[in-house]
J.: 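Handing you this structure, nothing more for now.
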Amino acid sequence: MAMYKLAVSVSRSLLDDIHRCSLKKQTGVSLKHMMDFGSYPNENNLLYSAQFLHKELPVRLALRVIELENLPHGLSSKADVLKVRDWYVDSFKDLRNFPEIQDSKDELRFTELINEIKMRHNYVMQTMAVGIQELKKDLGRKQGLNELPEIHQFLDRFYMSRIGIRMLIGQHVALHAPNPPPGYVGLICTKVSPVTVAQNAIDDARSACMRTYGTSPDVHVYGDPNFTFAYVPTHLHHMVFELVKNSLRAVQERYMDSDHDCPPIRVVVADGLEDVTIKAWTAKNLDIFL
């Protein structure tokens with residue numbers, strides 16, 4: 001059973017190790033670097049990648065453990081938050097107990113380990129959401145989460161870190177695939193069409209809106225269907241889905257008791273020199289950016 005303070009549930013040596021690793025600076029890894037490096041998934045590159053992750057992942061996990069241990073407003077003491085914290089501690093311990101990676105046999109064993117760690121953390125978001133709901137109940141009408149910017153800031157950091165950790169693990173594991181899909185380097189598709197991904201995400205978001213409200217505003221996509229760039233399609237789909245889902249909810253609830261029909265939502269995909277912007281809005285100027 002999870003306990004409130006980590007100091008009473010793990011050994012002193014493990015706690016000290018977590019604190020030492022949390023003081024180290026994590027190493028940034030760009031999508032371009034992962035794509036360039038992953039284009040040649042030979043034995044030496046996979047060995048180097050595993051050795052890097054063996055050192056890097058404990059740092060990232062330790063940072064999250066320390067943060068989960070010191071959240072404001074009693075959030076750290078919620079049972080589901082403690083469960084998430086203990087998953088991070090278990091993963092940290094597994095990585096630190098894994099011996100130095102010296103050859104391809106070690107690398108394959110390490111790849112199996114980090115894949116198991118990735119699966120252990122599959123339900124982190126749902127579990128954290130339950131903990132947040134418990135905090136909302138405690139706050140009641142006295143204070144809402146909108147008045148607690150530190151909680152929002154923590155969740156932004158936490159989920160961004162989770163994406164980074166899962167991307168590093170997923171990319172390494174995917175490089176072992178014997179028959180990768182054409183145009184893919186690990187998880188990265190070299191020619192993602194943001195317009196196509198946006199349309200698929202819109203279809204999913206409208207289906208969710210239909211299930212909730214029984215109807216859904218129309219959504220139109222504008223952009224060059226021939227434009228492509230290197231990205232992780234599942235990540236882009238998730239971001240656009242959330243963007244459109246929030247837009248649909250805002251429009252649907254605003255016009256729910258109105259005599260007027262819901263205006264259509266416009267989603268524009270604009271490609272720049274160094275970035276891609278996706279914007280959703282209605283004729284009534286409910287702007288939401290990605």
Side-chain angles (χ1 to χ4, degrees), residues 26-41 45-46 48-50 52-53 56-57 59-61 64 91 110-111 114-126 128 155-205 208 221 223-246 267-280 288-290:
Q26 67 182 46
T27 304
V29 183
S30 69
L31 203 67
K32 183 179 185 305
H33 176 80
M34 280 194 265
M35 195 164 64
D36 292 344
F37 184 84
S39 297
Y40 306 96
N45 278 353
L46 290 173
Y48 176 81
S49 173
F52 167 75
L53 293 178
E56 178 66 18
L57 291 176
V59 174
R60 297 185 180 222
L61 292 171
R64 302 286 72 81
S91 298
F110 179 77
T111 300
I114 60 175
N115 195 39
E116 291 171 1
I117 287 173
K118 185 170 181 280
M119 289 189 290
R120 174 187 287 154
H121 292 251
N122 278 348
Y123 298 103
V124 161
M125 291 183 67
Q126 298 92 322
M128 281 296 297
L155 290 173
D156 287 344
R157 289 193 305 271
F158 183 79
Y159 291 133
M160 285 299 293
S161 171
R162 181 175 184 270
I163 290 171
I165 290 170
R166 292 180 72 82
M167 181 65 197
L168 289 175
I169 293 175
Q171 179 71 1
H172 180 83
V173 172
L175 290 176
H176 288 77
N179 298 302
Y184 273 77
V185 178
L187 298 177
I188 305 165
C189 178
T190 58
K191 292 186 176 181
V192 175
S193 166
V195 171
T196 301
V197 173
Q199 186 60 65
N200 292 334
I202 287 166
D203 293 342
D204 291 343
V221 185
D224 181 2
N226 297 315
F227 167 69
T228 62
F229 71 124
Y231 207 69
V232 183
T234 52
H235 289 184
L236 183 59
H237 181 281
H238 179 72
M239 288 186 285
V240 177
F241 173 81
E242 291 295 327
L243 172 76
V244 176
K245 183 186 73 174
N246 291 338
V267 174
V268 175
V269 179
D271 56 293
L273 293 176
E274 297 182 353
D275 54 24
V276 177
T277 301
I278 300 178
K279 176 182 178 181
I288 303 178
F289 289 90
L290 174 59

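All figures in this text were calculated on a predicted structure; none of them were measured in a lab.
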J.: Write down the atom of A205, the atom of V244, and the distance for their closest heavy-atom approach.
T.: CB-CG1, 3.8 Å
J.: Above 12 or not: heavy atoms from other molecules or residues under 6.0 Å from OH of Y159?
T.: yes
J.: Apply the side-chain hydrogen bond (donor to acceptor under 3.5 Å, both in side chains) test between H237 and each candidate in N200, D204, T196; give the one that qualifies.
T.: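 Single pass found, and it is D204.
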J.: Could you tell me how the ring of H172 sits relative to the ring of F110: parallel (under 30°), tilted (30 to 60°) or perpendicular (over 60°)?
T.: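 Perpendicular, since the angle between the ring planes exceeds 60°.
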J.: So, for P194 and L236, which heavy atoms are closest and what is the spacing to 0.1 Å?
T.: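 Looking at all heavy atoms of both residues, the closest pair is CA-CD2, 4.0 Å.
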J.: Would you call L168 and R60 a side-chain contact if the rule is heavy atoms closer than 4.5 Å?
T.: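 Result yes, sub-4.5 Å side-chain heavy-atom pair found.
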J.: Is a donor on one side and an acceptor on the other found under 3.5 Å between the side chain of R162 and the backbone of H121?
T.: yes
J.: Do you know which of V29, L31, L53, I188 makes side-chain contact (heavy atoms from CB on, under 4.5 Å) with Q171?
T.: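 Exactly one option meets the side-chain contact (heavy atoms from CB on, under 4.5 Å) with Q171, and it is I188.
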J.: Evaluate L155 against M128 for side chain to side chain contact (heavy atoms under 4.5 Å, CB included), listing each step before the verdict.
T.: CA-CA 9 Å; L155 290 173; M128 281 296 297; 4.3 Å; yes
J.: So D271 and F229, do their side chains get closer than 4.5 Å, heavy atoms only?
T.: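 Contact flag for F229/D271 side chains = no.
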J.: Give the ring-plane orientation class for Y231 versus H235, where under 30° counts as parallel, over 60° as perpendicular and anything between as tilted.
T.: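 Because their plane-to-plane angle is over 60°, the rings of Y231 and H235 count as perpendicular.
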J.: Begin from the C-alpha positions of D203 and Q199 and carry the test side-chain hydrogen bond (donor to acceptor under 3.5 Å, both in side chains) through to its verdict.
T.: CA-CA 6 Å; D203 293 342; Q199 186 60 65; 3.1 Å; yes
J.: Locate the shortest heavy-atom distance separating V240 from A198; write the atom from each residue and the value.
T.: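 Shortest heavy-atom separation between V240 and A198 comes out as CG1-CA, 3.9 Å.
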J.: Could you grab the distance from atom NE2 of H176 to atom CG of N115, nearest 0.5 Å is fine?
T.: 10.5 Å
J.: Is T190 reaching over with its side chain to a backbone N or O of G183, donor-acceptor style, under 3.5 angstrom?
T.: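 Confirmed, T190 side chain pairs with G183 backbone.
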J.: Quick one: do K118 and I114 satisfy side chain to side chain contact (heavy atoms under 4.5 Å, CB included)? Show the steps, please.
T.: CA-CA 6 Å; K118 185 170 181 280; I114 60 175; over 6 Å; no
J.: Rounded to the nearest 0.5 Å, what separates atom CE in M167 from atom OG1 in T234?
T.: 8.0 Å
J.: Which pair of non-hydrogen atoms, one from V192 and one from C189, has the smallest distance, and what is that distance?
T.: CG2-CB, 3.5 Å
J.: Is the number of heavy atoms from other residues, nucleotides or ligands within 6.0 Å of OH (Y48) greater than 12?
T.: no
J.: Provide the closest heavy-atom pair for V185 versus S39 in the form atom of the first, atom of the second, distance.
T.: CG1-N, 3.7 Å
J.: Does the side chain of M119 come within less than 4.5 Å of N122's, by heavy atoms?
T.: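 Answer yes - side chains close enough.
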J.: Considering non-hydrogen atoms only, spot the tightest contact between P225 and G223 and give its length.
T.: CD-O, 3.1 Å
J.: Distance from H33 atom NE2 to T27 atom OG1, nearest 0.5 Å?
T.: 10.0 Å
J.: F227 versus V195: any side-chain heavy-atom pair under 4.5 Å?
T.: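 No, too far: nothing below the 4.5 Å cut-off.
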J.: Does the side chain of I165 come within less than 4.5 Å of L57's, by heavy atoms?
T.: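 Yes, at least one pair of side-chain atoms sits under 4.5 Å.
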